Amino acid sequence: MGEEVGFLGLGIMGKAMSMNLIRHGFKVTVWNRTLSRCDELVEHGASFAETPAAVVKKCKYTIAMLSDPSAALSVVFDKDGVLEQMCSGKGYVDMSTVDSDTSSKISEAITSKGGCFLEAPVSGSKKPAEDGQLVILAAGEKKLYEEALPAFDVMGKKSLFLGQVGNGAKMKLVVNMIMGSMLNAFSEGLILADKSGLNTQTLLDVLDLGGIANPMFKMKGPTMIQKSYSPAFPLKHQQKDMRLALALGDENAVSMPVAAAANEAFKKARSMGLGDLDFSAVYEAVKFPENSS
């Protein structure tokens, strides 16, 4: 692979995604706000840059995987940010989960400097990221999408091009809203089975045999029963996505009482100090509502 790819943000997802690029022969230059996070990638062959601007200067296109809208905006607009070195012939691919307004702001700024922009949020958490099995929801500049496809093919099992900027962000929020709502119903079911004197493992077996069998219940169920919440997708990020999805519902006058109730459970879990655990830790907030502050 001749072109050097930039990568900004080495959290749970970004680290796994950039590591896959390196393993598949891409030349990668990395940056992270906590610079020590870059060390492991550098050991595996990545180059390191001290600022987002320095990454963009060096690379034909740069990928970002950041925690929330404020982080996505600051990396672009702050001093030594992406915009300082953005110019014609360069591309910026934001794979963070943000709202469509944030995506549009970034897109306008990048294109005003002559650059190409693509939003490309992903469906999937830590293990799919490590295994290169993410679903990539891209929207924006088609030419940049085609240029980034070799990288997407390494990081994901399927890439979709959804048209104009904003559509990728909206699709991701709808998917995560459904996921968060399902997880709350699943938590209530596990607790109801337990309090009714049923074996929760048997409930998992029954669910897996029926029409609502799905990989999330199969993967999360056993760890929830064991109270093991090692973060594949941090709860605070799931709550952020619920909030952004509800705002999208407000904009479109869509009534979302199930999602709103699920969001309250995630907020309660955050108030119980569970924000940095896996999003399945909402089970604790559903199980012990009186423990919330």
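Residue indices begin at 1 and follow the sequence shown. Every value quoted in this text rests on a predicted model; they were computed, and no experiment measured them.
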Any donor-acceptor N/O pair, [X] side chain to [Y] backbone, under 3.5 Å:
| X | Y | value |
| --- | --- | --- |
| Lys113 | Ser88 | no |
| Asn167 | Gly163 | no |
| Asn199 | Gln201 | yes |
| Asn214 | Met216 | yes |
| Asn176 | Asp241 | no |
| Glu119 | Gly168 | yes |
| Asn32 | Cys38 | no |

For the pair [X] and [Y], find out whether any cationic side-chain nitrogen is under 4.0 Å from an anionic carboxylate oxygen.
| X | Y | answer |
| --- | --- | --- |
| Lys218 | Asp208 | yes |
| Lys127 | Asp131 | yes |
| Lys287 | Glu284 | no |

Interatomic spacing from [atom1] in [X] to [atom2] in [Y] - rounded to 0.5 Å:
| X | Y | atom1 | atom2 | result |
| --- | --- | --- | --- | --- |
| Met19 | Leu41 | CE | CG | 5.0 Å |
| Leu235 | Lys240 | CG | NZ | 12.5 Å |
| Leu183 | Ile178 | CG | CD1 | 13.5 Å |
| Ile63 | Met95 | CD1 | CE | 6.0 Å |
| Asp80 | Thr51 | CG | OG1 | 5.0 Å |
| Met65 | Ser96 | CE | OG | 6.5 Å |

So for atom [atom1], which belongs to [X], do other residues, nucleotides or ligands contribute more than 12 heavy atoms lying within a distance under 6.0 Å?
| X | atom1 | answer |
| --- | --- | --- |
| Lys90 | NZ | yes |
| Met171 | CE | no |
| Lys57 | NZ | no |
| Glu251 | CD | yes |
| Glu50 | CD | no |

Handout entry: Test item: Ser36 and Asp39 side chains (from C-beta on) under 4.5 Å apart, heavy atoms
Key = yes

Handout entry: Minimum side-chain heavy-atom gap Met242-Ser181 below 4.5 Å
Key = yes

How close do [X] and [Y] get, heavy atom to heavy atom, and via which atoms?
| X | Y | result |
| --- | --- | --- |
| Ala265 | Asn184 | CB-OD1, 3.0 Å |
| Glu188 | Val286 | CG-CG1, 3.7 Å |
| Leu134 | Ser125 | CD2-O, 4.1 Å |
| Ala232 | Asp278 | N-OD1, 2.9 Å |
| Ala138 | Phe152 | CB-CE1, 4.4 Å |
| Cys59 | Gly6 | SG-N, 3.4 Å |

Test of understanding: clusters of I, L, V, M, F, W, Y form through side-chain heavy atoms closer than 4.5 Å, transitively. Do [X] and [Y] belong to the same one?
| X | Y | result |
| --- | --- | --- |
| Trp31 | Val5 | no |
| Val82 | Phe48 | yes |
| Val135 | Phe233 | no |
| Leu35 | Leu66 | yes |
| Val93 | Val28 | yes |

Handout entry: side chain to side chain donor-acceptor pair (under 3.5 Å) evaluation trace for Gln239 with Asn263
Key = CA-CA 6 Å; Gln239 195 268 309; Asn263 184 46; 3.0 Å; yes

Practice task
Would you verify whether the NZ or CZ of Lys142 falls within 45 degrees of the ring axis of Phe161 while also being under 6.0 Å from that six-membered ring's centre?
Solution key: yes

Are a donor atom and an acceptor atom from the side chains of [X] and [Y] found within less than 3.5 Å of each other?
| X | Y | result |
| --- | --- | --- |
| Lys58 | Thr29 | yes |
| Ser100 | Lys170 | no |
| Asp99 | Thr102 | yes |

Handout entry: side chain to side chain donor-acceptor pair (under 3.5 Å) between Lys172 and Thr97, worked out
Key = CA-CA 7 Å; Lys172 176 64 197 291; Thr97 298; 2.7 Å; yes

